[in-house]
Amino acid sequence: LASDLRICKKPIKKSMYAYKRSQTTLYHWMEAVNRVDVPHADFYRPLVVRTSVRQILRFMTDGYIDIDEWTSFRDYLVKKDIGISRLFDGIFLHECIIYQRFLMALSYISYLQHEDIPLTPTGLAMLFLLAREIDIRKEFNEYRLDEKIILNAYKEFLDHKVVPDTMLALPIIAGLTLTSQWREALTYLPILDNDLDGMQQALGFILTAAAKFHDYDFFFSLLDTISQTESVRLREGRQRIQPVDGGVEKKVPLDQK
């Protein structure tokens, strides 16, 4: 990224993370990797990479990992015939977030930056999602990413000229709505039209941003639109089910009213 990730290593007070961080050592990395059973012939396949990463993370606790340890970890993966690629980086960051290894993911991004290894579009999307996950947790207040870092990452993402799908659109919205350029996130909403859960999360992010940046006209306008849309959806749902004789319900097409 264009600007450094400023990461404070001060222990997190009154948090289990303060204890868990001290348990992450090079020995734990090696032990975790040794427990992984990898079909090396098929390691180029994304599913195999993801499965292997999940196995490793099961034996790891969250914590900030120093750059030297990340280097040793990656070297050890190569030694164990587990290939390191750009595919690995994106999947590793994604699984760190899924398993709530937030400090681990943050320090891995810092390591890649230190080694001048650019983030892939997937990696950048994971940075946005990580920024959101950190932002909503009080125990991570000191680790919140600066707006400039998020916007620089977004610029890098645009430089890749990738057409976002549903897997990328939600993280982008999650990150952009943490910044003053939150309205840019609206351009990605149509991508989530067929993803109800994703759309609900995205609308929540946008509503929060509108309130945070005091755009109350937009906030209430969007809230009213959501309410009307939900009313239409519920009405259509009721129309799909009509009672028949005997009190038994049957489903009918929407066009049969």
For [X] and [Y], indicate whether the former's side chain and the latter's backbone hold a donor-acceptor pair under 3.5 Å.
X: Asp62; Y: Leu103; result: yes
X: Asn141; Y: Lys138; result: yes
X: Glu147; Y: Ser180; result: yes
X: Ser221; Y: Asp217; result: no
X: Thr179; Y: Gly175; result: no
X: Ser107; Y: Ile65; result: yes
X: Asp146; Y: Lys148; result: yes

Surrounding [atom1] of [X] (heavy atoms of other residues, nucleotides or ligands, distance under 6.0 Å), is the total greater than 12?
X: Asn194; atom1: CG; answer: no
X: Lys155; atom1: NZ; answer: no
X: Gln181; atom1: CD; answer: no
X: His114; atom1: NE2; answer: no

Are [X] and [Y] connected, step by step, through hydrophobic side chains (Ile, Leu, Val, Met, Phe, Trp, Tyr) whose heavy atoms are closer than 4.5 Å?
X: Phe88; Y: Phe59; result: no
X: Leu186; Y: Tyr216; result: yes
X: Leu168; Y: Val163; result: no
X: Met167; Y: Leu87; result: no

* Side-chain H-bond candidate by donor/acceptor type, Asp89 with Tyr108, under 3.5 Å -> yes
* **Polar side chain donor-acceptor pair, Tyr111 to Glu69, under 3.5 angstrom** =>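 Side chains of Tyr111 and Glu69: no pair found under 3.5 Å.
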* Asked: Do Tyr76 and Trp70 have ring centres separated by under 6.0 Å?
  -> no
Quick check: do [X] and [Y] have side-chain heavy atoms less than 4.5 Å from each other?
X: Phe73; Y: Leu77; result: yes
X: Ile67; Y: Glu115; result: yes
X: Leu130; Y: Leu93; result: no
X: Arg183; Y: Leu176; result: no
X: Arg35; Y: Gln55; result: no
X: Leu192; Y: Ile173; result: yes
X: Val53; Y: Leu57; result: yes

* Asked: Within 45° of the ring axis of Tyr99 and under 6.0 Å from its six-membered ring centre, is that where the NZ or CZ of Arg54 lies?
  -> no
* Asked: Can a cation-pi geometry be assigned to Arg101 and Phe92, taking NZ or CZ under 6.0 Å from the six-membered ring centre and within 45° of the ring axis?
  -> no
* Could you check Phe102 against Leu106 for side-chain contact (heavy atoms from CB on, under 4.5 Å), going step by step and ending with a plain yes or no? => CA-CA 6 Å; Phe102 303 126; Leu106 195 61; over 6 Å; no
* To do: Mind running side-chain contact (heavy atoms from CB on, under 4.5 Å) on Tyr154 and Ile172 for me, showing each step along the way?
  => CA-CA 8 Å; Tyr154 179 59; Ile172 294 172; 4.0 Å; yes
* For Arg132 and Phe205, run side-chain contact (heavy atoms from CB on, under 4.5 Å): C-alpha distance rounded to whole Å, both residues' side-chain angles, the deciding distance at 0.1 Å, then the answer. => CA-CA 9 Å; Arg132 169 64 62 176; Phe205 295 152; 3.7 Å; yes
* Run the salt-bridge test on Asp135 and Arg144 with the 4.0 Å N-O cut-off and return the result as yes or no. => yes
* To do: Report the C-alpha distance between His94 and Thr122 in whole Å, list the side-chain angles of each, state the deciding distance to 0.1 Å, and finish with yes or no for side-chain contact (heavy atoms from CB on, under 4.5 Å).
  => CA-CA 8 Å; His94 179 265; Thr122 301; 5.6 Å; no
